[in-house]
Amino acid sequence: MLKQIRPAIVMIVATTVLTGLAYPLAMTGVAQALFPHQANGSLVEKDGKVIGSTLIGQNFTADKYFHGRPSATTGTDPNDPTKSVSAPYNAANSGGSNLGPTNSSLITRIKGDAATLQAQNPNTPVPIDLLTTSGSGLDPDISPEAAYFQVPRVAKARNMDEAKVKSLVEEAIEPRELGIFGEPVVNVLALNRALDASMTQ
């Protein structure tokens, strides 16, 4: 019996060491050596303090900032741990709302958001990514159209020329990967940092 059990135990131990210890450690070492910024979460620092990540959106709500996509993530209700409350861009609870297109709550929320956005820029159609959540709820990027749509509001809130704000959007557009993969995007945190920096120049 030991003849059959021993090879099985040896294989389990060897496989566990290789795939559960050696391989992860090797990949971590390679990542730290070749891509340290990305391996450590693509963190963004200001004055020595971490203020965010280029990979995770933030809940900008002030008129003077560009806003990201809506986020359906939730968190624990501080008043009642058995319940959850809306917590936009909660990286500890990534996920979508899972509401179907005929769900009344989703329809009501989108109609309300669309009306609010349309009032801010009545002559331009509302870009779809300003109304829909992403599957993760953490999307840090918006389309260039969504950024341009917000230019009048941001410019008015900061008492800036719209052309200057628009030029900041143009500079923030990231092209397709290798020129063919994905779509052009604008990282909201990077754009808002550029916007703040432009006010001190």
Side-chain angles (χ1 to χ4, degrees), residues 31 35 37-46 49-76 84-103 105-118 120-121 124-154 157 165-166 168-197:
F35 312 104
H37 177 68
Q38 293 88 335
N40 291 313
S42 300
L43 301 177
V44 178
E45 294 185 4
K46 181 180 180 183
K49 291 183 179 179
V50 175
I51 60 168
S53 167
T54 59
L55 304 175
I56 298 176
Q58 294 186 23
N59 192 29
F60 291 102
T61 56
D63 284 344
K64 67 177 184 175
Y65 286 116
F66 285 88
H67 302 167
R69 294 181 71 173
S71 174
T73 58
T74 60
T76 304
S84 61
V85 293
S86 176
Y89 300 102
N90 178 8
N93 195 19
S94 173
S97 68
N98 293 329
L99 299 179
T102 59
N103 184 280
S105 297
L106 178 65
I107 293 169
T108 301
R109 198 266 302 160
I110 288 178
K111 281 183 176 177
D113 289 353
T116 300
L117 291 166
Q118 200 68 74
Q120 294 172 3
N121 194 350
T124 307
V126 179
I128 193 69
D129 54 323
L130 291 180
L131 297 173
T132 57
T133 62
S134 65
S136 69
L138 307 176
D139 197 340
D141 304 318
I142 55 176
S143 66
E145 293 75 22
Y148 286 129
F149 179 87
Q150 299 180 68
V151 165
R153 169 179 53 77
V154 173
V165 178
K166 189 176 179 182
L168 290 171
V169 172
E170 289 168 357
E171 291 170 13
I173 296 174
E174 300 171 13
R176 291 179 171 91
E177 292 285 337
L178 303 175
I180 56 172
F181 297 111
E183 294 294 329
V185 295
V186 174
N187 185 277
V188 179
L189 176 58
L191 177 56
N192 284 333
R193 290 192 72 204
L195 190 60
D196 282 343

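Residue indices begin at 1 and follow the sequence shown.
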Partners of Arg176 by side chain to side chain donor-acceptor pair (under 3.5 Å), sequence neighbours excluded?
Glu183

Leu131 and Ile110: which non-hydrogen atoms are nearest, and at how many Å?
O-CG1, 3.8 Å

Which salt bridge (charged side-chain N to carboxylate O under 4.0 Å, His left out) pairs, counting each pair once, include a residue from residues 86-101, with sequence neighbours left out?
none

Specify the closest pair of heavy atoms between Gly75 and Ala87, including all atoms of both residues, with the distance to one decimal.
N-CB, 3.6 Å

Applying salt bridge (charged side-chain N to carboxylate O under 4.0 Å, His left out) as the test, list every pair that has at least one member in residues 108-117; sequence neighbours left out.
Arg109-Asp113

Looking only at the side chains, is there a donor atom on one of Arg69 and Thr133 sitting less than 3.5 Å from an acceptor on the other?
no

Please name the pair of heavy atoms, one in Gly96 and one in Ala72, separated by the smallest distance, quoted to 0.1 Å.
C-CB, 4.0 Å

Show me the side-chain donor-acceptor pairs of residues 49-59 shorter than 3.5 Å, one per line, residues at least two apart or across chains.
residue : atom : partner : partner atom : Å
Ser53   : OG   : Gly41   : O            : 2.8
Ser53   : OG   : Ser42   : O            : 3.4
Ser53   : OG   : Leu55   : N            : 3.0
Gln58   : NE2  : Ile51   : O            : 2.7

Could you work out, with side chain to side chain contact (heavy atoms under 4.5 Å, CB included) as the rule, every residue matching Ala157, not counting sequence neighbours?
Asp63, Lys64

Under the side chain to side chain contact (heavy atoms under 4.5 Å, CB included) test, which residues partner Ser94, sequence neighbours left out?
Ser136, Leu138

Shortest non-hydrogen contact from Val126 toward Gln118:
CG2-OE1, 3.5 Å

Please list, chain by chain and in numerical order, all residues satisfying side chain to side chain donor-acceptor pair (under 3.5 Å) with Tyr65, sequence neighbours excluded.
Asp196

From Leu117 CG over to Gln150 CD, what is the distance, rounded to the nearest 0.5 angstrom?
7.5 Å

All side chain to side chain contact (heavy atoms under 4.5 Å, CB included) counterparts of Glu171, not counting sequence neighbours:
Leu168

Quick one: list whatever passes side chain to side chain donor-acceptor pair (under 3.5 Å) with Thr76, sequence neighbours left out.
none

OG1 (Thr108) and CG (Asn103) are apart, to the nearest 0.5 Å, by 8.5 Å

Approximate separation, where rounding is to 0.5 Å, of Lys46 NZ and Arg193 CZ:
7.0 Å

Locate the shortest heavy-atom distance separating Ala147 from Val186; write the atom from each residue and the value.
CB-CG2, 4.3 Å

Quick one: CZ on Phe66 to CZ on Phe149, what's the gap to the nearest 0.5 Å?
12.0 Å

For Pro184 and Pro144, work out which heavy atoms get closest and say how close.
O-CD, 3.3 Å

Taking the side chain as every heavy atom from C-beta outward, state whether Ile173 and Tyr148 have any atom pair closer than 4.5 Å.
yes

Residues forming a side chain to side chain donor-acceptor pair (under 3.5 Å) with Thr74, sequence neighbours excluded
Asn93

Donor-acceptor under 3.5 Å (Glu177 side chain, Ile180 main chain):
no

Return the set of residues passing ring pair (Phe, Tyr, Trp, His ring centres under 6.0 Å) with Tyr89 (not counting sequence neighbours), or none when no residue passes.
none

Is the closest side-chain heavy-atom distance between Leu191 and Leu195 below 4.5 Å?
no

Test side chain to side chain contact (heavy atoms under 4.5 Å, CB included) applied to Ala146 - qualifying residues, sequence neighbours left out:
Pro127, Asp129, Leu130, Ile142, Ser143

